[in-house]
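Data first, discussion second: the structure below is written as structure tokens.
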Amino acid sequence: MRKLIAIMNMTLDGFCDHTSGIADEETHRHYADVINSADTIIYGRTTYQLMADYWPLIVKQPTGEKSTDDFAIAIDKIEKLVFSTTLKQLDWGTARLATKSLEEETAELKSAEGGDIQVGSPSMIVQLLNLGLVDELQIAVHPLIAGNGLSLFKKINERIDLELLKTKTFKCGIVLFYYSKSGKA
């Protein structure tokens with residue numbers, strides 16, 4: 001069975017905001033490798049639109065910064081499954097709209113052959129955690145305090161025990177925590 005991995009960047013005070021984090025060469029290189037190791041990424045409408053409005057343009061007109069351009073290529077080629085009740089079509093060639101519920105689509109993906117499945121939207125991460133479908137979390141804590149923003153875990157229904165698998169520290173001060181679901185009751 002394929003593993004579902006929730007991947008999120010957040011500030012030290014627990015907020016998710018793609019404009020607040022550190023996006024340097026090392027982090028772009030790391031996330032390009034992470035994306036290249038998977039087959040599919042799950043997005044909600046908001047995150048999909050943020051990504052679709054930016055990264056395909058970098059593929060067409062590279063920045064000249066190798067790690068950024070490599071990330072753009074990785075995010076461009078991975079299959080994207082998008083959950084939206086308002087979007088009727090998607091312009092990104094490797095993206096498709098979900099036609100079933102989040103639970104049904106995820107169960108089908110997990111039971112199919114292939115590499116890991118990633119989820120990179122705060123709303124999708126919370127829903128999948130509440131459904132008990134996330135196998136691993138990779139939470140990158142950036143060394144900054146935002147003061148406000150979107151709290152990733154605000155709408156979690158009940159306690160979820162996790163087991164720390166490992167950490168990775170980046171030169172810029174980001175600490176990446178790898179967690180799996182704990183067997184504790």
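Counting begins at 1 with the first residue of the sequence.
- Residues Ile22 and Phe170 have side chains not in contact (no heavy-atom distance under 4.5 Å, counting atoms from C-beta outward).
- Listed for the Asp76 side chain is no donor-acceptor partner under 3.5 Å among the backbone atoms of Ile58.
- In this structure the side chain of Asp24 never reaches within 4.5 angstrom of the side chain of Lys171, judged on heavy atoms.
- Put simply, the side chain of Ile117 does not reach to within 4.5 Å of the side chain of Thr106, judged on heavy atoms.
- A 4.5 Å side-chain heavy-atom check between Glu136 and Tyr178 finds at least one atom pair inside the cut-off.
- Annotation: salt bridge (charged side-chain N to carboxylate O under 4.0 Å, His left out) contacts involving residues 32-44, sequence neighbours excluded, comprise Arg2-Asp39.
- Ring-plane geometry between Phe71 and Trp55 is classed as perpendicular, the angle between the planes exceeding 60 degrees on a 0 to 90 degree scale with a lower cut at 30.
- Between atom CG of residue Leu81 and atom CG of residue Leu90 there is a gap of 9.5 Å, rounded to the nearest 0.5 Å.
- A 6.0 Å sphere centred on CD of Glu108 holds more than 12 heavy atoms belonging to other residues, nucleotides or ligands.
- Every salt bridge (charged side-chain N to carboxylate O under 4.0 Å, His left out) that Glu25 has, sequence neighbours left out, goes to Arg29.
- Within 6.0 Å of NZ on Lys168 lie more than 12 heavy atoms contributed by other residues, nucleotides or ligands.
- His28 approaches Thr68 most closely through the heavy-atom pair ND1-OG1, 3.4 Å.
- For Arg45, there are no salt bridge (charged side-chain N to carboxylate O under 4.0 Å, His left out) partners, not counting sequence neighbours.
- Put simply, the side chain of Lys181 does not reach to within 4.5 Å of the side chain of Val134, judged on heavy atoms.
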